[in-house]
**Q** 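One structure, as structure tokens, below. Some questions next.
Both backbone and side-chain heavy atoms feed into the values below; hydrogens, waters and symmetry mates do not. Lettering follows sequence order; numbering is per chain, from 1.
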Amino acid sequence: MCGRFTLSTSPELLAAFFELESVPAALTTRYNIAPTQRVSALRLTHEGRHRLSLLRWGLIPHWAKEMSIGARMLNARRETLTEKPAYREAFRRRRCLIPASGFYEWAKRGPNVRQPYYVASSDGHPLALAGLWERWKDPAGPADTPIIDSCTIITTPAEGCLATIHHRAPAVVPASAWSTWLQRDFNDSDALEGMLEHPAGLEMVAVNPRVNNASHDDADCIRPWTGEVQRLPGLEEP
DNA sequence: CCAGACGTTGTT
DNA sequence: GTCTGG
DNA sequence: CCAGACGTTGTT
DNA sequence: GTCTGG
């Protein structure tokens with residue numbers, strides 16, 4: 001699956017890779033992006049240009065009464081995109097790409113024992129994670145309640161080396177399909193599902209369990225780790 | 001009809 | 001909003 | 001994804 | 001155990 005990721009690619013390289021005219025001023029180098037935080041998402045402007053914006057990670061359906069539901073909507077299964085009420089309309093009309101330099105997966109080594117891994121393209125290029133977005137306004141809020149754009153990352157069954165640590169992986173969209181994927185009016189769900197690919201050419205390394213804590217957001221999170229596997233807090237060994 | 005869910009991951 | 005379950 | 005809370009009354 | 005917050 002994809003519950004944490006990084007975006008440490010320079011703004012210049014991001015702009016070149018994703019054909020952007022500019023990047024948000026608020027964009028910063030991130031090594032530990034967590035759900036509910038703001039993530040960069042690529043969408044099309046009305047004029048058809050690529051635009052990168054910061055959206056809240058965790059899709060809030062437009063009918064939600066409270067924002068908190070979004071914390072559980074961090075991922076959408078590729079296999080059920082057209083069925084799930086929370087995602088169906090976003091899949092039809094509001095797709096996006098979420099640039100990532102890499103992502104984290106946790107391998108389960110025992111009860112409450114997890115080893116985090118950092119996964120990235122071996123060629124150093126960023127990944128275009130497949131995403132959906134939604135627009136929400138708190139129905140109980142005052143008239144000037146801000147509109148919140150939120151997003152989710154699509155997952156697909158893990159393959160290759162990734163499958164040895166976990167059984168889901170984020171889906172990516174190849175560059176050749178970006179323009180169609182982002183096009184609102186393109187509604188051929190079979191064709192869209194066909195654009196969702198498993199990431200290829202990955203390298204994977206066990207990293208410092210420091211990344212477990214979402215408040216740790218620095219390059220130490222992707223530092224290779226050869227120490228012991230870490231027990232998660234809270235529970236005793238059985 | 002109304003009430004309640006609407007999601008994914010994991011179960012070494 | 002829309003669907004499922006009762 | 002992991003970490004951390006999980007509650008009310010009443011108020012030095 | 002389950003939910004919210006980051």
**Q** For nucleotides D:dC1 and B:dT11, find the distance between their P atoms and express it as a whole number of Å.
**A**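 Roughly 10 Å separates the two P atoms.
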**Q** Calculate the interatomic distance between A:Asp217 atom CG and E:dG6 atom P; express it in whole Å.
**A**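 Answer to the nearest Å: 15 Å.
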**Q** Under a 3.5 Å threshold, yes or no: a donor from one side chain and an acceptor from the other, between A:Ser101 and A:Thr9?
**A** yes
**Q** If I take atom CE in residue A:Met73 and atom C1' in nucleotide E:dC3, what distance separates them, rounded to the nearest angstrom?
**A**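 About 14 Å, once rounded to whole Å.
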**Q** So which nucleotide from E:dG5, B:dG7, D:dG4 ends up closest to the side chain of A:Asn213?
**A** D:dG4
**Q** From the list B:dT11, E:dG5, E:dG6, which nucleotide is the closest neighbour of the side chain of A:Ser68?
**A**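 Out of B:dT11, E:dG5, E:dG6, the nucleotide with an atom closest to A:Ser68's side chain is E:dG5.
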**Q** Rounding to an integer number of Å, can you tell me how far A:Ile60 CD1 sits from E:dG5 P?
**A** 12 Å
**Q** Tell me the partner of D:dT8, counting only Watson-Crick (N1-N3 plus N6-O4 or O6-N4) or G-U wobble (N1-O2 and O6-N3) with both under 3.5 Å; none if nothing fits.
**A** none
**Q** Under 4.0 Å between any heavy atoms, over every strand shown, what does A:Ala76 touch: base, sugar-phosphate, or nothing? Just pick one.
**A** sugar-phosphate
**Q** Figure out the NE2/C1' separation between A:His62 and B:dA5, and round it to whole Å.
**A** 14 Å
**Q** At 4.0 Å (heavy atoms only), tell me whether A:Pro61 reaches a base, stays on the sugar-phosphate, or touches nothing.
**A** nothing
**Q** Under 4.0 Å: is that the gap between some side-chain N or O of A:Arg72 and OP1 or OP2 of E:dC3?
**A** no
**Q** Measuring only the P atom in each nucleotide, how far is B:dA3 from D:dC6? A whole number of Å is fine.
**A** 31 Å
**Q** Look at all strands and tell whether A:Ser215 reaches a base, only sugar-phosphate, or nothing, counting heavy atoms closer than 4.0 Å.
**A** nothing
**Q** Of the options E:dG6, B:dT9, B:dC6, whose atoms approach the side-chain atoms of A:Arg4 most closely?
**A**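 Nearest to the side-chain atoms of A:Arg4, counting from C-beta on, is E:dG6.
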**Q** With a cut-off of under 6.0 Å to the ring centre and 45° to the axis, is A:Arg114 in cation-pi contact with A:Trp106?
**A** no
**Q** What nucleotide among B:dT11, B:dC6, D:dC2 has an atom nearest to a side-chain atom of A:Trp106?
**A** D:dC2
**Q** Considering only NZ, NE, NH1 and NH2 on the basic side and carboxylate oxygens on the acidic side, decide whether A:Glu21 and A:Arg49 come within less than 4.0 Å.
**A** yes
**Q** Quick one: is A:Thr155 getting a side-chain N or O under 4.0 Å of the B:dG7 phosphate, OP1 or OP2?
**A**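 No, because none of the side-chain N or O atoms of A:Thr155 sits under 4.0 Å from OP1 or OP2 of B:dG7.
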**Q** Using atom P of each nucleotide, how far apart are B:dC2 and E:dG6 to the nearest Å?
**A** 38 Å
**Q** Rounded to the nearest Å, what distance is computed from the CZ atom of residue A:Arg78 to the P atom of nucleotide B:dG7?
**A** 18 Å
**Q** So does A:Arg109 get a side-chain nitrogen or oxygen closer than 4.0 Å to the phosphate oxygens (OP1/OP2) of B:dT12?
**A**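 Result: no.
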**Q** May I ask you to check if A:Arg43 and A:Trp133 form a cation-pi contact, with NZ or CZ under 6.0 angstrom from the six-membered ring centre and within 45° of the axis?
**A**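 Yes, A:Arg43 sits over the ring of A:Trp133.
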**Q** Looking at B:dT8, D:dC1, B:dC6, which one has an atom nearest to any side-chain atom of A:Lys84?
**A**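 It is B:dT8.
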**Q** From the set D:dA3, B:dT9, E:dT4, return the single nucleotide nearest to any side-chain atom of A:Arg77.
**A** B:dT9
**Q** Check every strand shown and say whether A:Ala34 touches a base, only sugar-phosphate, or nothing at a heavy-atom separation below 4.0 Å.
**A**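 Since a base atom lies under 4.0 Å of A:Ala34, the category is base.
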**Q** For the pair made of CG in A:Leu81 and P in B:dG7, what is the distance, rounded to whole Å?
**A**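 The distance from CG of A:Leu81 to P of B:dG7 comes to 11 Å, rounded to the nearest Å.
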**Q** Can you confirm whether A:Cys151 sits close enough to A:Val39 that some side-chain heavy atom of one is under 4.5 Å from a side-chain heavy atom of the other?
**A** yes
**Q** With sugar-phosphate meaning primed atoms plus P, OP1 and OP2, does A:Leu74 contact a base, only sugar-phosphate, or nothing at under 4.0 Å between heavy atoms?
**A** base
**Q** Among C:dG1, B:dT12, B:dT8, find the nucleotide with the atom closest to the side chain of A:Pro85.
**A** C:dG1
**Q** Using the C1' atoms only, state how far D:dG7 lies from E:dT2, rounded to an integer number of Å.
**A** 16 Å
**Q** B:dA5 P sits how many Å from A:Lys65 NZ, rounded?
**A** 10 Å
**Q** My understanding is that only one of A:Thr180, A:Leu196, A:Leu129 makes a side chain to side chain contact (heavy atoms under 4.5 Å, CB included) with A:Val173; could you say which?
**A** A:Leu196
**Q** Check whether any side-chain nitrogen or oxygen of A:Arg88 sits under 4.0 Å from OP1 or OP2 of C:dG1, and answer yes or no.
**A** no
**Q** Take atom CD of A:Glu83 and atom P of C:dT4, then tell me their distance rounded to the nearest Å.
**A** 10 Å
**Q** For the P atoms, the ones on B:dA5 and on E:dT4, what distance do you get once it is rounded to whole angstrom?
**A** 12 Å
**Q** Once you measure the plane-to-plane angle for A:Trp178 and A:Phe18, does it fall in the parallel (<30°), tilted (30-60°) or perpendicular (>60°) bin?
**A** parallel
**Q** Mind checking who C:dT4 pairs with, Watson-Crick or G-U wobble, both distances under 3.5 Å?
**A** B:dA3
**Q** For nucleotides D:dT9 and B:dG4, find the distance between their C1' atoms and express it as a whole number of Å.
**A** 32 Å
**Q** Out of D:dA3, E:dG6, B:dT8, which nucleotide sits closest to the side chain of A:Asn212?
**A** D:dA3
